[in-house]
Amino acid sequence: MEQLPKSYNSNTETEIYSLWFKSGLTDPDKMGEYLKEKEYEVKKPFTITLPPPNANANLHLGHVCGYSFHDVMGRYMRMKGHPVLLLPGKDHAGIQTESVFTKHLEMEGKTKEDLGREKFYEEIYKFCMKNAENAREQEKRIGLSADFSREFFTLDPKLTKIVYETFYSMFEEGLIYRDKRIINQCPSCMTALADIDTEHELKRGIFAYIKYPLVDNPDEYITVATTRPETMLGDTAVAVHPKDKRYSKYVGKKVLLPIADREIPVIADEEVDMELGTGAVKVTPAHSPVDFELGQRHNLEIINVINEKGLMEGDIPERFKGMKTVECSKALVKELDEQGLLERIENTEHEVTVCERCRSNIEPIISNQWYLNVKSLAEEALKELKKGNVKVYPEGQQKALIHFYENIQPWCISRQLWWGQRIPVWYSGGKKLYDWLLENKGRAVQDFEKETETKVNGTGELHLGEDKPESINGEIWEKEEDVFDTWFSSGQWPFTTLGGPDGADFKKYYPTQMMIHARDIVFWWSARMIMMGLYRTGQVPFRDIFVTGMILADDGSKMSKSKGNSVEPKEIFERYGADALRLWYYSDALPGSNAPLREEKIKGNRNFVNKIWNASRFIIMNINESEIPKISKEEIKKTEKIVETEKHIVKVSRYIEKYQFNLGAESIREFFWHQVCDIWIEEIKREIQGQEIGSQIRVERLAELLYILKLNLKIMHPFVPFVTESVWQELVSLNLASSLLMEQQI
RNA sequence: GGGCGAUUAGCUCAGCUGGCUAGAGCGUCACAUUGACAUUGUGAAGGUCACAGGUUCAAUUCCUGUAUCGCCCACCA
């Protein structure tokens, strides 16, 4: 019999992948035809739209491993008679990609303005396409049996069209609107961010106690404590608790805001914490979310003193203009001290809000942005969750999702970027006019002209659409510059990729069955997909959300390039092969948990992969070429071994169907290694020892063993597709099996 | 401040609706082995299942509380 290599060579994995790819059976339409042809029952399609990785970098281990969950489900369902659609894609990742690419430009000494909006978009598109190609190779490398003929990029015009339709419809229903509110401005990314795009970090700072003298009696003063003295230039009140006896006599009076020399009122509000600081708080509606709310309640004036770049500006003393906030803070403290108005200063640690992408400090500023009121959408989503129409694994994450929906706030969906889907809106007479009219309800275009001393050409109306509307009365149309938050479009991923609610694929493959992704994007992504899916299609986009575990460095810390503890997928593939990595991940990365990457464990799994190869090799090598016809014709009796194997298959199937991949992986390992190899093969080895080639006992035993091997290959295939397919192909070459293992039915 | 989760062998973790001597991988130790597999086999050591109560015929498993750790959310100056 032919000589097979003594050990499994994982370098052949790419060849195996191309066999699957060529078969075309990753296309569910073709798989359906195949099943019909072979007269199998064609079950209902099984669809997963895969999470599109950011097209601005290579995939990391987490991405790659994540796909092994999609793939185990896909392969299993395919072998169970379902046309399977694993729909891949790549994400344009607005902020992050723009920031990465801008840095590239910087290194060349260029800015995005140098290129101009159009050219910039073109270049960054190319950049993403190149990365997408790398990413695609890595997806294939892990064995992902996705339908790459249906792959989508989130900025594909076909997809954008559907996203725009959603926008129009939401706008017309009043769910989307423009509003002037306090927003999270990242001065480095130069865009507004939604709350969820920010994080909190404990940073060192100061706590300054500043005296605000009373207007009536400059000898008396109220001391306020603040971590951000520079915002005092925009103070429009001092607030105290209504029951605070220390200050009740001052409520309704005025204090003189130092430096700015402005009179501001002392107000009473329940929200003020008497215990904190001095119990009196300065109110800066323009630069603090809390103060903004407070300002709204008390109708306070809003004075902007910080711009979108994080620099001081506005109606402030000349000497502070253009300063960074920190510089201004220092300068102010110094002046206050000189004037005897600084009571004391403490060093402290406090939580600051930072940009999730670049970790710069967020500046809360007032700005006009597009909002989506998600409240009603969240309520619908909650109903579905509570009805059990969407389930999250692990269950703890389900509770977190419910909590998220119950406390949801309007979602800021506009970003001041160039990289993304431009919001399809035109303003008659300009954007400024529209915003002004919005703020000054009941006033007219003429009032705007008078107030701003400009002449406008337009009505202040909006036009929805990508193309510039016709100017009937000679009005000027200004195009919206902002783009959508990336999640506004990726939130529609399960149906945009299927051609939208009218698409042919949509009718066949929606709603999808599963959503599988990492824990960190449950709120960003799944939560949005459920809401948007319900809105556009009236159905939840998927039944189950499976939250994958996170891969950590071997010491249990987060992997990051800057720490130098990250491991490249390529290294693992080269050293151990994709199957070994997959098997490790199935066993160790339970839903919602963390999995420290231990090479010894991957090595252990590699050993098992090799064991599969070797046991198969042993069986194949024991079959004499002359025995092949007899063995293939031999009728297989339901022996004890076969009955037990069938039971094992049922058991593993159940584990897969319940998403208990760790138990599935453990079972196939235990059964194949310690039952099939250690016991049965040893047994049969003894039985056929010394028997004549072609004798009945040999044929019978080897046929049984071969049959058992095939059953095992099938049930192991979803977990370790490469080695099982390699073996299968060896069988095919000897006429002991046919076609691909991937298409076999269990 | 609110929510979620964890605490089981040296290490990393399983143990899903409570039930015999609590499991796996890796590691350790002993023995075997040129064996299809130096990527092998056989066997062993090693756990009062965080702690305290409760429910139960029976709890690692359910409930309550405590401690420690982790994650997420939140506008506290």
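Side-chain atoms are counted along with the backbone in the values below, which use heavy atoms only and exclude waters and symmetry mates. Naming convention: chains lettered A, B, ... in sequence-line order (proteins, then strands); numbering from 1 in each chain.
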Base, sugar-phosphate alone, or nothing: which one does Lys399(A) contact when heavy atoms must sit under 4.0 Å apart?
sugar-phosphate

Is Glu351(A) touching bases, backbone alone, or none of the nucleic acid, heavy atoms closer than 4.0 Å?
base

Between Glu379(A) and Lys375(A), is there a side-chain N and carboxylate O pair less than 4.0 Å apart?
yes

Which part of the nucleic acid, if any, lies within reach of Asn407(A) when heavy atoms closer than 4.0 Å are counted: base, sugar-phosphate only, or nothing?
nothing

Go through rG41(B), rG25(B), rU39(B) for me and flag the one nearest to the Arg606(A) side chain.
rU39(B)

Please work out if Ala615(A) contacts a base, only the sugar-phosphate, or nothing of the nucleic acid, heavy-atom cut-off 4.0 Å.
base

Without decimals, in angstroms, what is the distance between Leu294(A) CG and rA77(B) P?
14 Å

Could you tell me whether Val272(A) contacts a base, only the sugar-phosphate backbone, or nothing, with contacts defined as non-hydrogen atoms closer than 4.0 Å?
base

Where the side chain of Asn610(A) is concerned, which of rA36(B), rA77(B), rC37(B) is the nearest nucleotide?
rC37(B)

Partner of rC4(B) under the Watson-Crick or G-U wobble criteria, both distances under 3.5 Å, comes out as rG70(B)

Have a look at Ser7(A) and say if it touches a base, only the backbone sugar-phosphate, or nothing, with a 4.0 Å heavy-atom cut-off.
base

So Glu600(A), base contact, sugar-phosphate only, or nothing? Heavy-atom distance under 4.0 Å.
sugar-phosphate

Any salt bridge between Arg297(A) and Glu271(A), counting N to O under 4.0 Å?
no

Taking the inter-plane angle between the rings of Phe69(A) and Phe661(A) on a 0 to 90° scale, is it parallel (under 30°), tilted (30 to 60°) or perpendicular (over 60°)?
tilted

What's the gap between rU7(B) and rC49(B) when it is taken at their P atoms, as a whole Å value?
13 Å

Specify the closest pair of heavy atoms between Asn614(A) and Ser7(A), including all atoms of both residues, with the distance to one decimal.
ND2-CA, 4.2 Å

What contact category does Phe523(A) fall into here, base, sugar-phosphate, or nothing, at under 4.0 angstrom with non-hydrogen atoms?
sugar-phosphate

Separation of rA74(B) atom P from Glu356(A) atom CD, nearest Å, is 12 Å

Are Lys685(A) and Phe618(A) in a cation-pi setup, meaning NZ or CZ lies under 6.0 angstrom from the ring centre and within 45 degrees of the ring axis?
yes

Could you tell me whether Asn662(A) contacts a base, only the sugar-phosphate backbone, or nothing, with contacts defined as non-hydrogen atoms closer than 4.0 Å?
sugar-phosphate

Pick base, sugar-phosphate or nothing for Lys603(A), based on heavy-atom distances below 4.0 Å to the nucleic acid.
nothing

Of Gly604(A) and Gly279(A), the one whose closest RNA chain B nucleotide lies more 5'
Gly604(A)

To the nearest Å, give me how far apart CD (Gln409(A)) and P (rC73(B)) are.
15 Å

Classify Glu670(A) by what it touches in the nucleic acid, base, sugar-phosphate, or nothing, heavy-atom distance under 4.0 Å.
nothing

Indicate, with a heavy-atom threshold strictly under 4.0 Å, whether Arg228(A) touches base, sugar-phosphate, or nothing.
nothing

